[in-house]
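The chains referred to below are lettered A, B, ... by the order of the sequence lines, with proteins before strands, and numbering in each begins at 1.
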Number of protein chains: 2
Amino acid sequence: MRWQDLDQEPCSMARTLAVIGDRWTLLILRDCFLGVRRFERFQERLGITRHVLSDRLRKLVEAGVLEKRAYQERPVREEYRLTTMGLELHPAIIHLVQWGDRWLSDDHGAPLQHVHRGHGHRFQAQLTCADCGEVVGPRDVTVVANPALARQLDLPDESRSPDTAWRQGG
Amino acid sequence: MRWQDLDQEPCSMARTLAVIGDRWTLLILRDCFLGVRRFERFQERLGITRHVLSDRLRKLVEAGVLEKRAYQERPVREEYRLTTMGLELHPAIIHLVQWGDRWLSDDHGAPLQHVHRGHGHRFQAQLTCADCGEVVGPRDVTVVANPALARQLDLPDESRSPDTAWRQGG
DNA sequence: CTATTTAGTTCCTTTTTGGAACTCTAAGTG
DNA sequence: CACTTAGAGTTCCAAAAAGGAACTAAATAG
C-alpha cells in the first residue's frame, strides 16, 4: 500500500497519520503549542528544509489543523495558528512528549517541564475515562468493531476478545 | 537537519519521533495493541512492503518498544510483543485514534469503538493531571524550560509566559 | 520429491528529503 | 534613486527512503 492512500483506510489511526504522520509534522505542531506561528521561526527552530516546511504547513491548513491568518498587510505576511481541530491534538502530544521525558531523557532530565497552571505543581499526564472518571491503563480498554465495517477490519482472533490480546505473559 | 539526527535534540517530542515517528511505525504499534504479533500478519494487515516492515520491527526492538520472542523452535519462529516501554504508549495512541474518530470519520462512524472493560460503557479518553486529578485542557498546561538546557531551547518570547502562546484570539 | 508456511533479504524503480540558491513584495537607509 | 533587509516562499539537483516483486532459508506435510 502506498502511504498516500492511507486516508482511505477504515482505521482512525491510519486517517490520523495521513494528516499528522509525515516526517516533521508533529514537530511543527509541538512548536505551534509552544507559541511558534511564523514560517521563518519554524524553519530556524526545526532546521527543516524550507520547501518541506512549506509543504507541511499547506497540508495542515488543507486538513483544517492550522489556519493561516494575515498579521500584516503590505506586504501581506501570514502566520499559522492552531484551529479547534488542532488544539484537540493536545492530549496526544502531551502524552508523546511525556513518554519521551520518561524513556528517552538524558542526564539532564526532561528538556521542558509541564506545570499545571494555577496549581503550581508539576503536570503529569494521566489517561482517564470521560464517562466515569477512572484512571485507565492498557488492560482496561477493549475494542468492538463497528458492525458496519467489521468484515473489512480483519482483526486477529485474540482481538475479538481482547482481554489477553497484548498481554505480556500471553 | 537530517531526520536521523533527531534523537540528539534536547526535545522529548523529537526523541520520541526518532523512535516512533517513521512512516508505518505507529500503525504497527496500533496493531500490536490489537493483538497482532507476527510478521506475516502485520504485513498482510498493513499492506506494508516486507523490507520496510522488517526494518521497522528491528528498530522498535532495538529501541526497547517491542521484544522478540520465539513462539516455536524448529524452525525458530519469533513474534513481537510490546514491552513495558511500548505499553506506555497506550495513552498517546488512544488519543490519536480518538482524534481520528472525532475529526476524520466517514458516515459509518468510528471503525473501532472503545469500551471501558468491566464497566460496559463506551470509553472516551480524557486527559487529567496525575497530581490533582483534574481534567486538563490546552490552556491549563504551561511549560518551564529545564534550567540546565534553557539556552539551547530558544523558545519564542510568548512561550516564556505561555498563557497566551497558542491562544486563538491572540 | 514437491509444496507449504513463516520470516525475512535482494534488486530495481519511484517518491520524498536535504541543501543551497533564487524570487517576490515592500519597507528602511543614505 | 540604488541598496540592503525581512519574511515567505519556490526552484533545482543530489541523496535517501519507500514501493513492488521475486528470491532465500529451515522445517514440515503429503
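- Whole-Å rounding puts the B/M1 CE to D/dA15 P distance at 21 Å.
- Under the salt bridge (Lys or Arg N to Asp or Glu O under 4.0 Å) rule, B/D31 has a single partner from B/R45, B/R56, B/R81, which is B/R45.
- Distance B/E73 CD to C/dA7 P: 14 Å, rounded to the nearest Å.
- Here A/R2 lies in heavy-atom contact (under 4.0 Å) with sugar-phosphate atoms only.
- For the pair A/E40 CD and D/dT5 C1', the computed distance is 12 Å after rounding to whole Å.
- Using the six-membered ring where Trp is involved, B/H95 and A/H95 have ring planes that are parallel, under 30° apart on the 30 and 60° scheme.
- The residue among B/T49 and A/V76 whose nearest nucleotide of DNA chain C is located toward the 5' end is B/T49.
- Note on B/R74: only backbone sugar-phosphate atoms sit closer than 4.0 angstrom, heavy atoms only; bases stay farther off.
- In this structure, A/Y80 reaches the sugar-phosphate backbone alone: every heavy-atom distance under 4.0 Å involves primed, P, OP1 or OP2 atoms, never a base.
- Note on ring orientation: taking the six-membered ring where Trp is involved, the planes of B/W3 and A/W24 are perpendicular (angle over 60°, cut-offs 30° and 60°).
- Between the CD atom of A/E79 and the P atom of D/dA6 there is a distance of 19 Å, given to the nearest Å.
- B/H108 is linked by a ring pair (Phe, Tyr, Trp, His ring centres under 6.0 Å) to nothing, counting only residues two or more places apart in sequence or in another chain.
- Listed nucleotides C/dG18, C/dG8, D/dA8 differ in distance to A/Y71; the shortest reach to its side chain belongs to D/dA8.
- One atom, CZ of B/R41, and another, P of C/dA7, lie 12 Å apart when rounded to the nearest Å.
- Comparing A/P75 and A/R23 against DNA chain D, the residue whose closest nucleotide sits nearer the 5' end is A/P75.
- For the pair A/R77 and A/I48, nearest-nucleotide mapping onto DNA chain C gives the more 5' position to A/I48.
- Between B/W24 and A/E78, the residue whose closest nucleotide on DNA chain D is further toward the 5' end is A/E78.
- Atom CD1 of A/I28 is separated from atom C1' of D/dG9 by 14 Å (rounded to the nearest Å).
- Classification of B/K68 and B/E62 as a salt-bridged pair fails, no side-chain N sitting under 4.0 Å from a carboxylate O.
- At least one side-chain nitrogen or oxygen of A/K68 sits closer than 4.0 Å to the OP1 or OP2 atom of D/dG9.
- Nucleic acid contact for B/Q43: none, since no nucleic acid atom lies under 4.0 Å from a heavy atom of the residue.
- A straight line from CG of A/D5 to P of C/dT16 spans 11 Å, rounded to a whole angstrom.
- Contact check of residues 51-58 of chain B against DNA chain D (heavy atom, cut-off under 4.0 Å) returns B/H51, B/V52, B/R56.
- Picking from C/dT25, D/dG19, D/dA8 the nucleotide with the shortest atom distance to the side chain of A/W3 gives D/dG19.
- Residue A/Q72 places none of its side-chain N or O atoms closer than 4.0 Å to OP1 or OP2 of C/dA27.
- Summarising the geometry, the separation between CG on A/L46 and P on C/dT17 is reported as 14 Å, rounded to the nearest angstrom.
- Side chain of A/S105 to backbone of A/D101: a donor-acceptor contact under 3.5 angstrom is found.
- Contacts of A/R50 with the nucleic acid, taken as non-hydrogen atoms under 4.0 Å apart, include base atoms.
- Using a cutoff of 4.0 Å between basic side-chain nitrogens and carboxylate oxygens, B/R37 and B/E78 are not scored as salt-bridged.
- Between B/Q43 and B/I48, the closest heavy-atom pair is NE2-O, 2.9 Å.
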